[in-house]
Q: 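To start, I am sharing the structure in question, which I have written as structure tokens.
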Protein chains: 2
Amino acid sequence: MTTSSGLDREVETRLAEHRIRYTSGRQILVRALAGAEGPLSAAELHDEVSGALPLSSIYRSLAVLEEAGVLAPHHGTKGLTRYELAEWLKGHHHHLVCIDCGAVEDVTVNDHHENQVDRVVNEISSKAAFTAFNHALEIEGRCARCA
Amino acid sequence: MTTSSGLDREVETRLAEHRIRYTSGRQILVRALAGAEGPLSAAELHDEVSGALPLSSIYRSLAVLEEAGVLAPHHGTKGLTRYELAEWLKGHHHHLVCIDCGAVEDVTVNDHHENQVDRVVNEISSKAAFTAFNHALEIEGRCARCA
DNA sequence: TTCCTTGCAAACGATTTGCATTGGA
DNA sequence: TCCAATGCAAATCGTTTGCAAGGAA
């Protein structure tokens with residue numbers, strides 16, 4: 001296989017550690033997600049790649065990539081699960097979730113504000129019998145298109 | 001109908017404004033959710049009330065109660081939608097989401113920390129073409145039972 | 001009486017899986 | 001060669017809906 005970008009190389013390495021092949025179908029999905037504004041569902045990816053991959057293969061690849069820690073799932077409206085690159089690949093961020101169309105947009109905040117969020121998360125998890133691995137501020141509202 | 005608690009009275013009033021009846025089935029659901037640690041799915045509620053209500057009625061009541069602003073949905077693992085009392089009934093809070101079993105536990109933080117979160121939310125929504133209505137800090141990790 | 005609500009069963013849509021085939025190391 | 005990966009079709013599972021019966025105002 002020919003790695004064509006730093007992203008591909010990172011993903012390939014991670015998958016190799018799990019003895020999983022970075023096939024062309026999986027590359028297509030990873031690249032589609034790398035170019036997206038936010039998480040995409042299997043159906044949205046199917047459209048995005050113009051049906052180049054059958055839905056069942058998309059579902060299987062998404063599951064494998066999630067298992068390997070390459071993708072992270074986001075559960076949204078109407079029982080749709082959308083996927084995005086894991087944070088070690090795309091950086092820590094938060095979500096703007098449209099209550100009308102369900103679209104999710106990624107946002108980042110400056111370090112100062114992120115530190116404040118971290119402090120709140122630490123306080124919460126230290127008080128609860130709960131081991132925190134990650135967090136995201138989910139902001140619900142109406143996106144520009146649905147306004 | 002005999003209102004048996006302040007909660008029932010508040011819900012009944014709200015539903016009356018929408019010309020919706022606060023039937024016994026709906027009372028059962030609202031009370032079950034009032035006594036829960038976090039959001040519950042239709043199936044979980046079905047179990048919780050020992051099948052006293054058929055699933056289809058539970059789904060219909062949940063939809064009606066959400067429409068009336070009595071319940072708020074939470075989208076979780078495996079495409080399950082869980083419901084909880086809306087924030088005007090139970091107060092603002094955040095979520096601890098178990099990545100293993102999918103259970104969601106509610107948590108609250110003190111005013112100081114909540115203000116910090118608010119500031120971050122305001123900064124984000126002011127910079128994005130997005131009208132924020134609500135937010136929740138979703139903390140992913142492993143709950144005590146799954147640890 | 002008049003609507004709202006309920007229950008059952010059938011329909012739906014997102015996701016999963018069995019199985020035979022293909023393809024990469 | 002050998003096993004992972006794929007594609008198709010059928011199966012699953014959460015959820016929704018049509019329709020006739022029940023219940024409250």
Side-chain angles (χ1 to χ4, degrees), chain A residues 1-3 8 11-30 39-68 70-71 73-83 101-102 104, chain B residues 1-3 8 11-30 39-68 70-71 73-83 101-102 104:
Chain A
M1 189 207 69
T2 305
T3 51
D8 279 324
V11 173
E12 186 182 21
T13 301
R14 169 71 84 120
L15 291 182
E17 291 166 3
H18 289 249
R19 283 187 219 80
I20 293 172
R21 294 178 194 152
Y22 192 33
T23 60
S24 63
R26 291 167 185 174
Q27 290 173 38
I28 290 173
L29 293 179
V30 166
L40 297 179
S41 68
E44 288 163 347
L45 281 164
H46 187 253
D47 290 347
E48 191 69 29
V49 304
S50 308
L53 302 170
L55 266 175
S56 65
S57 292
I58 292 179
Y59 279 111
R60 266 198 266 241
S61 289
L62 291 176
V64 164
L65 292 169
E66 179 190 353
E67 188 75 20
V70 171
L71 301 184
H74 180 271
H75 304 284
T77 33
K78 291 186 316 170
L80 278 187
T81 301
R82 294 166 208 263
Y83 289 85
C101 68
V104 182
Chain B
M1 187 208 70
T2 305
T3 51
D8 279 324
V11 173
E12 186 182 20
T13 301
R14 169 70 84 119
L15 291 183
E17 291 165 3
H18 289 250
R19 282 189 223 84
I20 292 171
R21 296 178 194 150
Y22 192 33
T23 60
S24 62
R26 291 167 185 174
Q27 290 173 38
I28 290 173
L29 293 178
V30 167
L40 297 179
S41 68
E44 288 163 347
L45 281 163
H46 187 253
D47 288 347
E48 190 70 28
V49 305
S50 309
L53 302 169
L55 265 176
S56 66
S57 293
I58 292 179
Y59 278 111
R60 266 199 266 242
S61 289
L62 291 176
V64 164
L65 292 168
E66 179 189 354
E67 187 76 20
V70 171
L71 301 184
H74 180 271
H75 304 284
T77 33
K78 291 186 315 173
L80 278 187
T81 302
R82 292 165 209 263
Y83 289 85
C101 68
V104 182

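So you know, we letter chains A, B, ... as the sequences are listed, proteins then strands, and number each from 1.
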Q: Just wondering, do B/Leu65 and B/Ile20 contact through their side chains at under 4.5 Å, heavy atoms?
A: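 No; the side chains remain at least 4.5 Å from each other.
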
Q: Using atom types as modelled and distance alone, determine if a side-chain donor or acceptor of A/Arg14 lies under 3.5 Å from a backbone N or O of A/Val70.
A: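 Not at all, since once roles are kept as given, no pair shorter than 3.5 Å links the two residues.
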
Q: Distance check needed: D/dT15 C1' versus B/Leu40 CG, whole Å only.
A: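 After rounding, the gap between these two atoms is 17 Å.
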
Q: Check whether any side-chain heavy atom of B/Thr77 sits under 4.5 Å from a side-chain heavy atom of B/Arg82, and report yes or no.
A: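 Answer yes - side chains close enough.
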
Q: Look at the side chain of A/Arg60 and the base of C/dG18, then say whether one donor and one acceptor between them are separated by less than 3.5 Å.
A: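 When only heavy-atom distances are counted, A/Arg60 does reach the base of C/dG18 through a donor-acceptor pair under 3.5 Å.
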
Q: Please report the distance, rounded to the nearest Å, between NZ in A/Lys78 and C1' in C/dT15.
A: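 About 15 Å, once rounded to whole Å.
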
Q: Once you round it to whole Å, what is the distance between P of C/dA10 and OH of B/Tyr59?
A: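 Those two atoms, OH and P, are 18 Å apart.
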
Q: Looking at C/dT6, I'd like to know if its phosphate oxygens (OP1 or OP2) sit under 4.0 Å from a side-chain N or O belonging to B/Thr23.
A: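 B/Thr23 to C/dT6 OP1/OP2: side-chain N or O found under 4.0 Å.
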
Q: Take atom CG of A/Leu65 and atom C1' of D/dA4, then tell me their distance rounded to the nearest Å.
A: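 In whole Å, D/dA4 C1' and A/Leu65 CG are 14 Å from each other.
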
Q: As an exercise, state the distance from CG of B/Asp47 to OG of B/Ser41, rounded to the nearest 0.5 Å.
A: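 Between B/Asp47 CG and B/Ser41 OG, I get 8.0 Å after rounding to 0.5 Å.
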
Q: Looking at A/Pro54 and A/His46, what are the two nearest heavy atoms and their distance?
A: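 Closest approach of A/Pro54 to A/His46: C-CD2, 4.3 Å.
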
Q: Using whole Å, what does the distance between atom P of nucleotide D/dT17 and atom CD1 of B/Ile58 come to?
A: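 These atoms are roughly 17 Å apart.
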
Q: For A/Leu55 and D/dT6, what is the distance between atoms CG and P respectively, to the nearest whole Å?
A: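 So the CG-P distance, A/Leu55 to D/dT6, works out to 14 Å.
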
Q: Pick the closest DNA chain D nucleotide for B/Arg82 and for B/Arg21 by heavy atoms, then say which residue is nearer the 5' end.
A: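 Residue closer to the 5' terminus by nearest nucleotide: B/Arg82.
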
Q: Check every strand shown and say whether B/Ser41 touches a base, only sugar-phosphate, or nothing at a heavy-atom separation below 4.0 Å.
A: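 B/Ser41: no heavy atom of the nucleic acid under 4.0 Å.
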
Q: Measure CD/A/Glu44 against P/C/dG13 and give the value in whole Å, please.
A: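 That distance rounds to 17 Å.
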
Q: Need to verify one output field. Residue with the more 5' nearest nucleotide on DNA chain C, B/Ala52 or A/Leu80?
A: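 Nearest nucleotide further toward 5': that of B/Ala52.
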
Q: I want to check one thing: is the phosphate of D/dT17, taken as OP1 and OP2, less than 4.0 Å away from some side-chain N or O of B/Ser56?
A: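 Checking B/Ser56 against D/dT17: no side-chain N or O falls below 4.0 Å of OP1 or OP2.
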
Q: Categorize B/Leu53 for me: base, sugar-phosphate, or nothing, with a 4.0 angstrom heavy-atom threshold over every strand shown.
A: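 Nothing, no nucleic acid heavy atom in range.
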
Q: Output the rounded distance in Å from CG (A/Asp47) to C1' (C/dA14).
A: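 In whole Å, C/dA14 C1' lies 14 Å from A/Asp47 CG.
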
